[in-house]
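FYI, side chains are in, hydrogens and waters are out, and symmetry mates aren't considered; it's all heavy atoms of this structure. Along the sequence shown, the residues carry numbers beginning at 1.
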Amino acid sequence: MKFKYLKNLTFFVFFFFVIGIFYKVDANAQIVNKNYDRSFTVNEDYLEVVETKKTEIASYGYAVPYGSNEAFAIFFPVESDPKAGEKIQKTLDSIKITNEVGTDLQFSYEETESNNLIIKVPFTDDITYGDPQVITLKYKSYGLVVQSGAVFDVYIPGFPEGYDLSDGNTSETINTKVIIPNEMPELNLSIPKLDVTSLSNGDKSIDIDFDKLKGDTVWLQIGSEQFYEFVIKQEVPKTTNAPIVLNTVDLILPRDIDSGPISQRVYYEEINPEPYSIKEDSDGNLIAEFKLTANRNQEIYIKGYAT
């Protein structure tokens, strides 16, 4: 039986969260159907990512030849991340690629100038009519979640503005889902605005339509409470040799705040020396007044915590 082989898959990768994949074919009829499922499960320091691509031939007599490449992109969006090298290696070490029956597949990868990874997986057989191939990529992405205290910023890669799900020869469906486990904090915001579904086990599920990913990256912020430790050191220089003279020093202190949805609570562990007085000015600022001996250099030391 002779097949009209499709040319090797040609991949156009638009860096910074966009991927375009197009098939070059020699016919005007629809030939290739693709289904692309993406799942991102949020953890504290990584996203557990599962991407499955199913490729099937819709027209009898055509085939994608053995050895043609399927490709995936793994993104690292944080610029100038000092731990970029470590994150890339941890992500590479976590990669597992299988076919529809669970057999491990070999792959190669390239690293781009922006530290993104392009994963290439050869098809192990011809893809013919009635004989599709499924490739599943699983990995832990340490580049798509950024933790700052109790707040987690999560980024879901999108697609180029000109990405078309159908070009006459190919037809593609893309499904993207985010899972926020029950033990994670509540979703604080999403850009663009997304609907959240509560699952029976307490997890949260977010289905993202392709239109919301076209030409854009989805940003999720999980958690609304942040914790800070602060230390304030104020040098007070000597101003005289006289042994009895005191200097008066006023210092603004971190304070509690209630402003609409924003609140701040401050807790002090140490203030040394002890303030002479603490007062609030007309703008609500908290002012600590210190009386310090003027004939020697001194330091005001304040340590505390804020939520």
Would one find more than 12 heavy atoms of other residues, nucleotides or ligands at under 6.0 Å from atom CG of Asn297? yes
Nearest 0.5 Å, what's the OG1-CG distance between Thr173 and Leu165? 8.0 Å
What I'd like to find out is whether the side chain of Ile88 reaches to under 4.5 Å of the side chain of Glu111, using heavy atoms alone. yes
What's the separation between atom CG in Asp283 and atom CD in Glu280, rounded to the nearest 0.5 Å? 9.5 Å
Flag the pair Leu213 / Asp211 as yes when at least one side-chain heavy-atom distance between them is below 4.5 Å, and no otherwise. no
Distance-only, no hydrogens or angles: does the Glu100 side chain make a donor-acceptor pair with backbone N or O of Val134 under 3.5 Å? yes
Please say yes or no: joined through hydrophobic side-chain contacts below 4.5 Å, possibly via intermediate residues, are Val50 and Ile179 part of one cluster? no
If only atom types and distance count, is the side chain of Asn43 paired as donor or acceptor with the main-chain N or O of Leu47 below 3.5 Å? no
Can Ile119 and Ile95 be said to form a side-chain contact (heavy atoms from CB on, under 4.5 Å), step by step? CA-CA 10 Å; Ile119 308 297; Ile95 291 176; 3.9 Å; yes
Is it true that Glu172 and Tyr36 share a donor-acceptor pair across their side chains at a distance under 3.5 Å? no
Has Gln226 got a side-chain atom pairing as donor or acceptor with Ala150's backbone, closer than 3.5 angstrom? yes
What heavy-atom pair brings Leu187 and Gln221 nearest, and what distance separates the two atoms? CD1-O, 3.5 Å
Roughly how far, to the nearest 0.5 Å, is CZ of Phe227 from OH of Tyr305? 13.0 Å
Around atom CD of Glu183, are there more than 12 heavy atoms of other residues, nucleotides or ligands at under 6.0 Å? yes
May I ask whether Ile232 and Ile287 are part of the same hydrophobic cluster, defined by side-chain heavy atoms of I, L, V, M, F, W, Y residues being less than 4.5 angstrom apart, directly or through others? no
Atom CZ of Phe107: over 12 foreign heavy atoms under 6.0 Å: yes
List the atom of Gln106, the atom of Val121, and the distance in Å for their closest heavy-atom pair. O-CG1, 3.7 Å
Within the distance-only criterion (no hydrogens, no angle test), does the side chain of Asp281 pair as donor or acceptor with the backbone N or O of Gly284 below 3.5 angstrom? yes
Does Asn69 use its side chain to pair, donor to acceptor, with the backbone of Ala71 at less than 3.5 Å? no
Taking every heavy atom of Ile127 against every heavy atom of Ile57, the minimum-distance pair comes out as O-CG1, 3.3 Å
Would you mind checking if Arg265 and Asp258 are paired as a salt bridge, meaning a charged N to carboxylate O distance below 4.0 Å? yes
Under a 3.5 Å threshold, yes or no: a donor from one side chain and an acceptor from the other, between Gln264 and Thr307? no
Side-chain heavy atoms of Asn182 within contact of Met184, under 4.5 Å: no
What pair of heavy atoms forms the shortest contact from Leu292 to Pro273, and how long is it? CD2-CG, 3.5 Å
Are Val151 and Val218 connected in a single hydrophobic cluster, I mean Ile/Leu/Val/Met/Phe/Trp/Tyr linked by side-chain heavy atoms less than 4.5 Å apart? no
Hydrophobic clustering (ILVMFWY, side-chain heavy atoms < 4.5 Å, transitive) - are Ile278 and Ile300 grouped together? yes
Just do the side-chain contact (heavy atoms from CB on, under 4.5 Å) check on Val231 and Ile302 with the steps written out, would you? CA-CA 6 Å; Val231 173; Ile302 301 171; over 6 Å; no
Would Asp216 and Lys212 count as a side-chain contact (heavy atoms from CB on, under 4.5 Å) here? Give the steps. CA-CA 7 Å; Asp216 208 350; Lys212 288 184 168 59; over 6 Å; no
Side-chain heavy atoms under 4.5 angstrom apart, residues restricted to Ile, Leu, Val, Met, Phe, Trp, Tyr: same cluster for Tyr142 and Val42? no
Do Asp37 and Thr52 have side-chain N/O donor and acceptor atoms under 3.5 Å apart? no
Looking only at atom types and distance, does a side-chain atom of Asn188 sit under 3.5 Å from a main-chain N or O of Ile222, one as donor and one as acceptor? no
Does either side chain, that of Ser277 or that of Glu289, offer a donor lying less than 3.5 Å from an acceptor on the other one? yes
Is a donor from one side chain sitting under 3.5 angstrom from an acceptor on the other, for Tyr301 and Glu270? no
Would you check if there is a donor-acceptor pair between the side chains of Ser39 and Lys177 at a distance under 3.5 Å? no
Given side chains that start at C-beta, do those of Lys204 and Leu199 come closer than 4.5 Å, heavy atoms only? no
Just wondering, do Lys54 and Lys34 contact through their side chains at under 4.5 Å, heavy atoms? no
Report yes or no: does Asp167 contribute a side-chain atom to a donor-acceptor pair with the main-chain N or O of Thr170 at less than 3.5 Å? yes
With respect to Val178, which candidate in Leu220, Asp207, Leu194 satisfies the side-chain contact (heavy atoms from CB on, under 4.5 Å) definition? Leu220
Show the numbers, then the answer: is there a side-chain hydrogen bond (donor to acceptor under 3.5 Å, both in side chains) between Asp104 and Thr98? CA-CA 4 Å; Asp104 290 339; Thr98 58; 5.8 Å; no
For Tyr46 and Gln147, which I'm curious about, is there any donor-acceptor pair between the side chains at under 3.5 Å? no
Got a second to check how far Ile257's CD1 is from Leu286's CG, nearest 0.5 Å? 11.0 Å
Could you check whether any side-chain heavy atom of Tyr62 comes within less than 4.5 Å of a side-chain heavy atom of Tyr129, counting everything from C-beta outward? no
Evaluate the side-chain contact (heavy atoms from CB on, under 4.5 Å) criterion for residues Tyr155 and Val146: first the C-alpha distance (whole Å), next the side-chain angles of each, then the deciding distance (0.1 Å), finally the verdict. CA-CA 9 Å; Tyr155 304 95; Val146 179; 4.3 Å; yes
Do Thr240 and Asn295 pair up side chain to side chain, a donor and an acceptor below 3.5 Å, judged on atom types alone? no
Answer yes when Glu110 and Lys120 have at least one side-chain N-carboxylate O distance shorter than 4.0 Å, and no when they do not. yes
How long is the straight-line distance from CZ of Phe152 back to CD1 of Ile180, given to the nearest 0.5 Å? 11.0 Å
Is it the case that Lys214 places NZ or CZ above or below the six-membered ring of Phe159, under 6.0 angstrom from the centre and within 45 degrees of the axis? no
Applying the side-chain contact (heavy atoms from CB on, under 4.5 Å) test to Phe40, which of Ile156, Ile206, Ile208, Val145 qualifies? Ile156
For Asn201 and Asp203, does a side-chain donor sit closer than 3.5 Å to a side-chain acceptor? yes
Would you compute the distance between atom OH of Tyr109 and atom CG of Asn116 and round it to the nearest 0.5 angstrom? 14.0 Å
Going by heavy atoms in the side chains, are Ile118 and Phe72 under 4.5 Å from each other? no
Can you confirm whether the side chains of Lys291 and Thr248 place a donor and an acceptor under 3.5 Å from each other? yes
Non-hydrogen atoms of Pro181 and Thr41 that approach each other most closely: CG-CG2, 4.1 Å
Using the six-membered ring wherever Trp is involved, compare the ring planes of Phe230 and Tyr268 and label them parallel, tilted or perpendicular (cut-offs 30° and 60°). perpendicular
To check you understand the geometry: which heavy-atom pair defines the closest contact between Pro237 and Asn247, and what is its length? O-ND2, 4.1 Å
Any side-chain heavy atom of Tyr163 within less than 4.5 Å of one from Phe210? yes
